[in-house]
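Heavy-atom basis, side chains included; hydrogens, waters and symmetry copies ignored. Numbering starts at 1 and runs along the sequence shown.
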Amino acid sequence: MAPPPLRHFTDIASLGQPTIFELLDRSLVLRRQFDDREYPAQTLVGKLQYNLFYENSTRTNLSFEVAAKRLGAMVSMVPVAASSVHKGESLTDTVLTLAAQGADILVLRATEPGTIYRAIAAVEAEGYPTHIINAGEGALGHPTQGLLDAGTVLHALGRTAKEGLRDITLTIAGDILHSRVAASAIEVFAQLGTTIKLVGPASLLPPEAPKGVKTMHEDLESGLHGADIVMTLRIQKERMQTGLGLSEADYHHLFGVTLKTLKAAKPNALVMHPGPMNRGVEIDDAVADDMSRSLIRSQVTQGVVARMAVLEWLHQHV
Ligand code: NCD
């Protein structure tokens, strides 16, 4: 028997492989339309979406807005800095205010782990039909980012989700410990059969390799060895209790992805970065701007279509 439909979009683990593959493949169809400048079917006309972001964002916030608008929804971006949040309003009161205004969809980004479930509990307790979507929750997860990252690779290689990435090695380099991007990427890429390696300074690696990860490395060269795809990550200073213990220059020297250090990966290895990039720290200009190998702009485009796929899916399956 099929599992009950999910009312909310909280994390990758609760989706299961068939849904993950369905969302990836749908995002690839939407990507083809996007690349051909075709207009998608307006499946969300009349729906109201609020974006409530308690952390800064450029790509995720705007792509959720653009994705919903491309599908015909109305979107309001809650101006958190100028809202009653700064008059001491609690998260649940803010969420319930938006639900009471008729929010069909609430896209929520939060700092505290557990916030997404608190918001869901609040709307469900009062019987609102609002669907809540996780747009990044502390260091815990960023499920739509995981879908867009894997979708970007499938698109670049011209594959479907079922064809998978069993012959592909992905190295994720940098601050893995504090990265919700890494957490969700590992979950989605593992479903596609990808060989996953992590590399970074010991202080930025998890104490044990997460499920789905083959090896962890503290030395960039061995971490990059054999990689077809290299995903670089920003050092998330805002999530560190103490400093990194390394200057940015030293970090760049040891872990920066540059034309030189990339030689350890497979020839023509492709490079990803979720943004925002700190150029000259985790990645060099020459790599970031090399259009023959950088997927960074493609990730941004895939961000729109991956979120469209999630919005359509919530609408159709609930
Ligand atoms: C990231 C995030 O906010 O989780 N960016 C993104 O969503 N594309 C990564 C980061 O903040 O470094």
Side-chain angles (χ1 to χ4, degrees), residues 1-31 43-44 47 49 51 60 63-64 67-68 71 104-110 113-121 123-124 129-155 159-166 168 170 172 179-194 196 210-213 231 272 274 299 302-318:
M1 213 176 69
L6 299 168
R7 282 199 46 74
H8 307 282
F9 187 85
T10 55
D11 57 22
I12 295 295
S14 62
L15 295 176
Q17 194 180 63
T19 301
I20 294 170
F21 281 18
E22 181 187 335
L23 288 170
L24 286 170
D25 285 340
R26 180 62 188 154
S27 76
L28 294 170
V29 171
L30 291 165
R31 175 66 185 262
T43 47
L44 293 187
K47 301 286 174 190
Q49 171 175 312
N51 287 14
T60 306
S63 67
F64 266 113
L71 296 171
D104 296 293
I105 302 154
L106 174 59
V107 180
L108 180 58
R109 168 166 286 193
T115 305
I116 304 292
Y117 282 102
R118 265 205 294 140
I120 289 172
V123 296
E124 293 199 338
T130 312
H131 302 293
I132 296 195
I133 299 180
N134 178 358
E137 185 182 28
L140 221 53
H142 192 353
T144 56
Q145 180 77 38
L147 290 176
L148 84 85
D149 286 336
T152 301
V153 174
L154 292 172
H155 175 259
R159 295 191 191 175
T160 62
K162 192 149 173 254
E163 286 166 337
L165 299 171
R166 275 169 287 277
I168 297 295
L170 165 74
I172 308 180
S179 176
R180 56 186 172 218
V181 173
S184 292
I186 290 166
E187 290 184 290
V188 182
F189 278 100
Q191 291 287 343
L192 295 165
T194 320
I196 304 171
K211 191 162 164 268
V213 168
M231 180 190 291
M272 306 176 77
Q299 285 174 273
Q302 195 67 25
V304 175
V305 293
R307 283 155 187 143
M308 287 169 70
V310 168
L311 292 170
E312 273 187 354
W313 177 82
L314 269 181
H315 176 62
Q316 284 163 12
H317 289 259
V318 178

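- With respect to H8, the side chain to side chain contact (heavy atoms under 4.5 Å, CB included) criterion is satisfied by exactly one of L314, I132, L106: I132.
- Closest non-hydrogen pair, A139 versus A183, comes out as O-CB, 4.4 Å.
- Separation of atoms CG (L15) and CH2 (W313) is listed at 5.5 Å; rounding is to 0.5 Å.
- From L23, atom CG reaches atom CZ of F9 across 6.0 Å, with rounding to the nearest 0.5 Å.
- A donor-acceptor pair is defined here as one N or O able to donate and one able to accept, closer than 3.5 Å; such a pair exists between the side chain of D25 and the backbone of A161.
- Judged by distance alone, with hydrogens and angles left aside, the side-chain atoms of R180 form a donor-acceptor pair with the main-chain N or O of G138 at under 3.5 Å.
- The nearest pair of heavy atoms linking A135 to V107 is CB-CG1, 3.6 Å.
- Closest non-hydrogen pair, L140 versus P113, comes out as CD2-CB, 3.8 Å.
- Here the side chain of H131 pairs a donor or acceptor atom with the backbone of R7 at under 3.5 angstrom.
- At a threshold of 4.5 Å between non-hydrogen side-chain atoms, the residues V304 and M308 count as touching.
- Proximity of a side-chain donor or acceptor of E137 to a complementary backbone N or O of I116 within less than 3.5 Å is detected.
- Of the possible polar contacts, one joining the S179 side chain to the V181 backbone as a donor-acceptor pair under 3.5 Å is found.
- Annotation: the span from H142 atom NE2 to L147 atom CG amounts to 11.0 Å, rounded to 0.5 Å.
- Here T144 contributes atom OG1 and F64 contributes atom CZ; the two are 4.0 Å apart, rounded to the nearest 0.5 Å.
- A 4.5 Å side-chain heavy-atom check between R159 and I168 finds at least one atom pair inside the cut-off.
- Here the CG atom belonging to L154 is positioned 5.5 Å from the CG atom belonging to L28, to the nearest 0.5 angstrom.
- Side-chain N/O atoms of Q302 and S27 include a donor and acceptor closer than 3.5 Å.
- Shortest non-hydrogen contact noted between L30 and A309 is CD1-N, 3.7 Å.
- Taking the side chain as every heavy atom from C-beta outward, L311 and I133 approach each other to under 4.5 Å.
- Using a 4.5 Å cut-off on side-chain heavy atoms (C-beta onward), V188 and L24 make contact.
- The CZ atom of R109 sits 12.5 Å away from atom OG1 of T115, with the distance rounded to the nearest 0.5 Å.
- A150 and F189 get closest at one heavy-atom pair: CA-CZ, 3.5 Å.
- The backbone N or O of R31 lies less than 3.5 Å from no partner atom in the side chain of H155, so there is not a single donor-acceptor pair.
- Q299 places no side-chain N or O within 3.5 Å of a backbone atom of M272 that could act as its donor or acceptor partner.
- For the pair R307 and L148, the minimum side-chain heavy-atom distance is below 4.5 Å.
- No side-chain heavy atom of V305 sits under 4.5 Å from any side-chain heavy atom of V29.
- The minimum heavy-atom distance linking A182 with I172 is given by the pair CB-CG2, 4.3 Å.
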